[in-house]
Amino acid sequence: MKNPARPSAAVSARLLKEIRTIRTSLLSDALGKGGGMDHDMHCFSANCRMAGPAVTVRVHTADILMVGITLSHCPKGSVLVIDGQGELNTALWGEVTTLAARLKGLQGVVIDGAIRDLYKIRHDKLPVFARGVVPNAGGVQYPGEFQVTVQCGGAIVNPGDWVVGDEDGVVVIPQD
């Protein structure tokens with residue numbers, strides 16, 4: 001597996017401080033009225049403000065095996081971006097993964113798919129963006145792809161791109 005992108009501490013701290021103060025609507029304007037994920041990518045947490053470099057994973061539809069593996073490799077300060085191919089009948093994220101991500105120091109998570117355990121996520125400060133909520137859990141049988149270019153919420157996300165979220169949605173800022 002490739003190592004997640006790790007910007008220098010000074011650069012990432014300065015960028016994080018500056019980018020978190022800018023609304024996603026203004027970032028989208030600066031990107032030529034683009035960069036935003038689909039309108040149905042919603043924040044389900046108590047806190048919607050996030051910014052950080054992307055760690056990406058593409059999972060097999062309805063399978064969470066690679067979500068846990070990727071989460072274990074995410075560096076502090078990153079945003080986990082999960083390409084769940086828009087699957088809404090099986091959750092790829094829940095209470096336990098939210099707790100683990102917050103304890104690791106992630107800035108947030110974005111899932112092109114569904115979550116569950118909303119009663120806990122709704123009160124957590126870790127920003128969790130997804131397309132929907134469903135009670136069904138995913139399986140743990142199929143490998144996925146770690147640190148590859150993914151499509152999430154209709155946007156292309158490369159490892160290391162900056163992912164910024166707030167109440168208006170999620171914007172991807174290309175690393176270059």
Side-chain angles (χ1 to χ4, degrees), residues 4-5 7 11-59 61 66-67 70-71 74-75 77-94 97-98 101-102 105-116 118 121-122 124-134 144-176:
V11 170
S12 63
R14 187 179 70 239
L15 276 175
L16 178 61
K17 184 177 180 181
E18 290 178 21
I19 290 177
R20 286 189 89 186
T21 64
I22 303 171
R23 306 295 308 170
T24 56
S25 54
L26 295 175
L27 290 171
S28 175
D29 290 349
L31 291 167
K33 307 213 182 307
M37 289 190 181
D38 292 341
H39 71 279
D40 59 348
M41 297 295 289
H42 298 286
C43 179
F44 289 96
S45 329
N47 171 33
C48 297
R49 299 287 297 170
M50 69 171 187
V55 173
T56 63
V57 62
R58 180 181 302 114
V59 299
T61 302
M66 283 302 291
V67 172
T70 302
L71 181 56
C74 286
S78 61
V79 173
L80 176 56
V81 179
I82 302 169
D83 179 354
Q85 302 166 53
E87 170 61 41
L88 294 176
N89 291 315
T90 307
L92 296 174
W93 193 264
T97 45
T98 298
R102 184 170 36 78
L106 268 64
Q107 290 295 310
V109 62
V110 183
I111 305 135
D112 194 344
I115 63 168
R116 66 186 221 159
L118 182 60
I121 293 172
R122 180 179 288 151
D124 202 287
K125 293 189 185 243
L126 178 80
V128 176
F129 289 81
R131 287 195 187 267
V133 180
V134 68
E145 297 173 274
F146 175 73
Q147 284 299 76
V148 295
T149 300
V150 298
Q151 184 167 330
C152 186
I156 301 299
V157 184
N158 294 293
D161 287 351
W162 276 76
V163 180
V164 182
D166 65 17
E167 295 78 8
D168 287 341
V170 180
V171 170
V172 180
I173 304 170
Q175 183 172 300
D176 55 351

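We count residues from 1, following the sequence as given. All values reported here derive from a predicted model rather than from experimental measurement.
The closest donor-acceptor contact from the side chain of Ser28 to the backbone of Gly35 lies at 3.5 Å or more, if one exists at all. The closest donor-acceptor contact from the side chain of Asp166 to the backbone of Thr24 lies under 3.5 Å. With hydrogens and angles disregarded, no donor-acceptor distance shorter than 3.5 Å links the side chain of Asp83 to the backbone of Arg58. In terms of modelled atom types and a separation under 3.5 Å, the side chain of Ser78 and the main chain of Ala54 share no donor-acceptor contact. In terms of modelled atom types and a separation under 3.5 Å, the side chain of Thr56 and the main chain of Thr149 share no donor-acceptor contact. Side chain of Asp112 to backbone of Gly86: a donor-acceptor contact under 3.5 angstrom is found.
Considering only heavy atoms from C-beta on, Gln147 comes within 4.5 Å of Val55 through its side chain. Taking 4.5 Å as the limit, every side-chain heavy atom of Trp162 sits out of range of all side-chain heavy atoms of Val171. Residues Phe129 and Met37 fail the side-chain proximity criterion, which asks for heavy atoms closer than 4.5 Å.
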Let's go through Thr97 and Ile115 carefully: what are the C-alpha distance in whole Å and the side-chain angles of both, what is the deciding distance for side-chain contact (heavy atoms from CB on, under 4.5 Å) to 0.1 Å, and is it a yes or a no? CA-CA 10 Å; Thr97 45; Ile115 63 168; over 6 Å; no
For a side-chain contact (heavy atoms from CB on, under 4.5 Å) check, start with the C-alpha distance between Met41 and Val110, then their side-chain angles and the critical distance, and finish with the verdict. CA-CA 8 Å; Met41 297 295 289; Val110 183; 3.5 Å; yes
Should Glu167 and Cys43 be marked as a side-chain contact (heavy atoms from CB on, under 4.5 Å) after you check the CA-CA gap, both sets of side-chain angles, and the distance that decides it? CA-CA 7 Å; Glu167 295 78 8; Cys43 179; over 6 Å; no
Show, in sequence, the C-alpha distance, side-chain angles and deciding distance for Leu88 and Val134, and conclude whether the side-chain contact (heavy atoms from CB on, under 4.5 Å) test is met. CA-CA 7 Å; Leu88 294 176; Val134 68; over 6 Å; no
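Between Phe44 and Gly132, the shortest heavy-atom distance links the atoms CZ-CA, 4.1 Å. Shown here for Ile156 and Asp161, the closest heavy-atom pair between the two residues is O-OD2, 4.2 Å. The minimum heavy-atom distance between Arg116 and Val133, with the atom names listed, is CA-CG1, 4.5 Å. Between Thr61 and Gln85, the shortest heavy-atom contact is OG1-OE1, 3.3 Å. Closest approach of Thr98 to Leu126, counting heavy atoms only: O-CD2, 3.7 Å. Contact detail for Pro53 and Gly77: the closest heavy-atom pair is CD-O, 3.5 Å.
The distance from atom SG of Cys48 to atom NZ of Lys125, rounded to the nearest 0.5 Å, is 12.0 Å. Rounded to the nearest 0.5 angstrom, Gln107 CD and Arg102 CZ are separated by 13.0 Å. Within the model, atoms CG of Asp40 and NE2 of His42 stand 6.0 Å from one another, a figure rounded to the nearest 0.5 Å.
The residue from Ile22, Asp168, Val172 that alone fulfils the side chain to side chain contact (heavy atoms under 4.5 Å, CB included) condition with Leu27 is Ile22. Checked against Val109 for a side chain to side chain contact (heavy atoms under 4.5 Å, CB included), the options Val79, Ile82, Val81 give a single hit: Ile82.
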